[in-house]
Amino acid sequence: MLRHDLPASLVVFLVAVPLSLGIAVASGAPLAAGLVAAVVGGIVAGALGGSVVQVSGPAAGLSLVVAELVQVYGWRATCTITLLAGLLQLLLGVCRVARAALAVSPAVVHGMLAGVGVVIALSQLHIVLGGQPQRSALENLLELPAQIVDIHGHAVLVSLLTIAVLVVWGRLPKVNVVPAPLAALIVAALTAAALGWDLTRLDLTHGFGLSGPVLPQGDWHAIAGAVLLVAVLAGVESLLTCVAADRMHRGPRADLDRELSAQGVANMVSGALGGLPVSGVVVRTTTNVRAGARSRWSTVLHGFWVLVVTICFASAIGLIPLEALAALLLFIGVKMVDLGNAKDLRGHGEMPIYFVTMGVVVVVGLAEGILIGLGLGALIALRRLTRVSVDLEQNGRRWRVAVTGSLTFLGVPRLTEALRAIPPGAAVDLDLHVDFMDHAAFETLHAWRLDHERTGGTIDIDELHDDWYTAAASGSRVFPFKSPQRLDRWFLPWAYRRRPVAPEQGPELLAGTREFHRRTAPLVRPLLTRLAGRQTPSHLFITCADSRIVPALITASGPGDLFTVRNIGNLVPRYRSAPGDDSVEAAIEYAVRVLEVRTITVCGHSGCGAMVALLGETPRELHAVRRWLRHGRHSLARSAAVPEQEGLEPLDWLCQVNVIQQLDNLRSYPMIAELERSGKLALTAMYFDIATARVHDLDEARFSPAVIR
């Protein structure tokens, strides 16, 4: 493991040092506090955590909270709040509630991080220009024009140099082994020292500053709220990073409760030692996985390297200009506003949550932004839960009303508007595809039904809900309404999805295509667009033309998987047989030679009408059928030669023997026999028992030794 984890730990360490220093600056904390948090996050959280690859340390997402706490209570009191937040996290982890944190909408989390990024960028921009940041994002924005007028040359030059290295470093060959943040700070420090620029230097001469936390003074309600906010934010960010890390590697899956407990212990230790709050960090975790880490030793060792460098090379770290560190934070803040996340959320209708959360975080504050984002997310979810669609369709003299979704009092206006369009005395089919109906909606529906029937109209409720409706109308307890399992599935026959239609209503095929366009086409269109160029099926599937056999259903296959041939009795005429038939041979030839399928499957079924005809007498008027069934005479002879399996009816036995015989018929084609001998083609037999809805894989040896040639 160490041959993978040791190099990975060095890469993560090189990323962690500059980021920890930058986050300490953004938080208004001592510089050493960021390094303390990096050491504790690596050693403590890494050793005790539930994820083998997650890297913990100070996080930019918490910098606004810490900065505000430092302003209100002071740094040492903020350390106490961090310690208490860790204790709360530990208790939550012991109570095994970590999964509850995953209920937070990602739109809120991404919006929060984007808002924090904007605030960090605006504040650090003033330092980049040689000035001092203001107390709020709005003040920073208002003071920006004056700051631009009064820029300081050396500060701007070193900041531009730092940002330039950050942008181009990853594109340079060979040198990008060194992380861009470290390279940018080294280049800025060396250039500033060589040219003698007048800049502000970092000060680590006070070491770790183990002065110990003190109790915060003030309203204990506000202090308790601060503890809860730090615990929740750090915990949620850690758990979401933990879940994301599971998608990046193939090792053991994370134990979220253990991870939350470990984060709690790490925050207790970090607060006690004068460090920043600790949480799982996406950037360092991603770097760890990409560097090849296999176990938690990579995370632990990275914390050890940070400790060694801080103790032994504090003076070297002091050469880094504060303006270069501010430029690094400005770059990080801009990167936190990830519009890619917003695009991903657009397809789920959650972009308003993202932008509202971000805006409130920037204008008002972090806690307010999170609360408003959560509230907006809950409102949008409630709206979706109560969404209902009412489709009104006229087919000749009949009307069809299809109600889909959750039918509550919020959907009553839409339902009433649709029902009002139905003329008095009309015949109506009412389809209720709802998962919930409250009393107000039922009362509206029931009152309309009574009024409509008084005018001479008729209403047929679909058979799925007729019994329920009758019970509800009689006053039986049925609320809250839960519908039975919906049967409007694509694999059900038309007769099971809608009532038989009158002749003037049009053919079922046209109605089916309309249903396909409305429901299924939008879902499969992206896939079919990719398949439009060429088909690459893996199987040639030969089965019966019987209407009860649906190849895609019994094989759970999708468009493009099967090249299908269907005929009466799933017969394969033997090579150069009489009467001749080019259709099946052409399909076989095209599938094998052009499409290069690797498997040919013959699938028969129980109760096959062709086999019934072989056992009995085919009506004389079916001339084409009589000629076609001559290709089944080998199956009939083989069935008589092989002893029947006990418990099977003669018809079912013949149906199975027929499938095996078709494999031998396939082998009569030279190209098939050659490919099978070379191992490039496999022949398989399947049998579908319609009554039990079971598919059987038939064994050819069971039907030997009588092989009819």
Side-chain angles (χ1 to χ4, degrees), residues 8-43 45-46 54-64 66-67 113 116-117 119-121 123-124 127-128 159 162-163 165-167 169-170 176 178-189 202 204 234 237-238 241 266 270 275-291 298-299 301-307 309-310 313 316-317 320-338:
S9 70
L10 292 172
V11 174
V12 179
F13 148 71
L14 294 175
V15 173
V17 171
L19 294 183
S20 300
L21 292 172
I23 292 168
V25 170
S27 303
L31 292 174
L35 298 174
V36 170
V39 172
V40 174
I43 297 177
Q54 176 163 275
V55 181
S56 300
L62 294 171
S63 58
L64 293 188
V66 176
L113 293 176
V116 171
V119 174
I120 291 176
S123 64
Q124 299 307 308
I127 300 178
V128 165
S159 300
T162 304
I163 293 175
V165 174
L166 288 170
V167 171
W169 190 259
N176 57 9
V178 178
L182 182 64
L185 294 185
I186 292 176
V187 171
L202 300 183
L204 282 176
E237 187 168 355
S238 298
T241 303
S270 182
L276 289 169
V278 170
S279 72
V281 187
V282 174
V283 174
R284 273 164 265 189
T285 301
T286 304
T287 302
N288 192 37
V289 175
R290 290 178 178 173
S298 173
T299 303
L301 286 173
H302 117 274
F304 177 75
W305 303 136
V306 176
L307 177 62
V309 168
T310 303
F313 301 100
I317 295 176
I320 300 174
L322 179 63
E323 291 80 1
L325 207 56
L328 173 61
L329 283 171
L330 173 63
F331 186 80
I332 293 173
V334 173
K335 295 280 286 184
M336 289 173 70
V337 186
D338 189 353

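Computed from a prediction, not measured in an experiment: that's the story for all the values here.
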Could you grab the distance from atom CD of Q54 to atom OG1 of T241, nearest 0.5 Å is fine? 5.5 Å
Can you see which heavy atom on I127 is nearest to which on A326, and at what distance? CG2-CB, 3.5 Å
May I have the list of side-chain donor-acceptor pairs in residues 178-189 shorter than 3.5 Å, sequence neighbours left out?
none

With rounding to the nearest 0.5 Å, note down the distance linking OG in S270 to CG in L276. 6.5 Å
Please tell me if the side chains of V281 and R284 come closer than 4.5 Å, counting only heavy atoms from C-beta onward. yes
Side chain to side chain contact (heavy atoms under 4.5 Å, CB included) between V116 and M336: does it pass, once the steps are laid out? CA-CA 8 Å; V116 171; M336 289 173 70; 3.9 Å; yes
Could you tell me if the side chain of I332 sits less than 4.5 Å from the side chain of I120, heavy atoms only? no
Is there side-chain contact between S9 and T299, with heavy atoms separated by less than 4.5 Å? no
Correct closest heavy-atom pair for A121 and L330 would be O-CD1, 3.4 Å
Smallest separation among heavy atoms of L62 and S279, with atom names: CD1-OG, 4.2 Å
Can you give me every donor-acceptor pair (side chain of residues 21-39, partner residue at least two apart or in another chain, under 3.5 Å) with its distance?
| unit_1 | atom_1 | unit_2 | atom_2 | d |
| --- | --- | --- | --- | --- |
| S27 | OG | I23 | O | 2.7 |

Are V306 and S20 side-chain neighbours, meaning at least one heavy-atom pair lies under 4.5 Å? no
Rounded to the nearest 0.5 Å, what separation is found between the OG1 atom of T287 and the CG atom of L14? 10.5 Å
Could you measure the distance from the CG atom of L328 to the OG1 atom of T162? Nearest 0.5 Å is fine. 8.0 Å
Nearest 0.5 Å, what's the CG-CZ distance between L307 and F13? 10.5 Å
Separation between CZ of R290 and OG1 of T285, rounded to the nearest 0.5 Å: 11.5 Å
Set of side chain to side chain contact (heavy atoms under 4.5 Å, CB included) partners for S159, sequence neighbours left out: V128, E323, A327
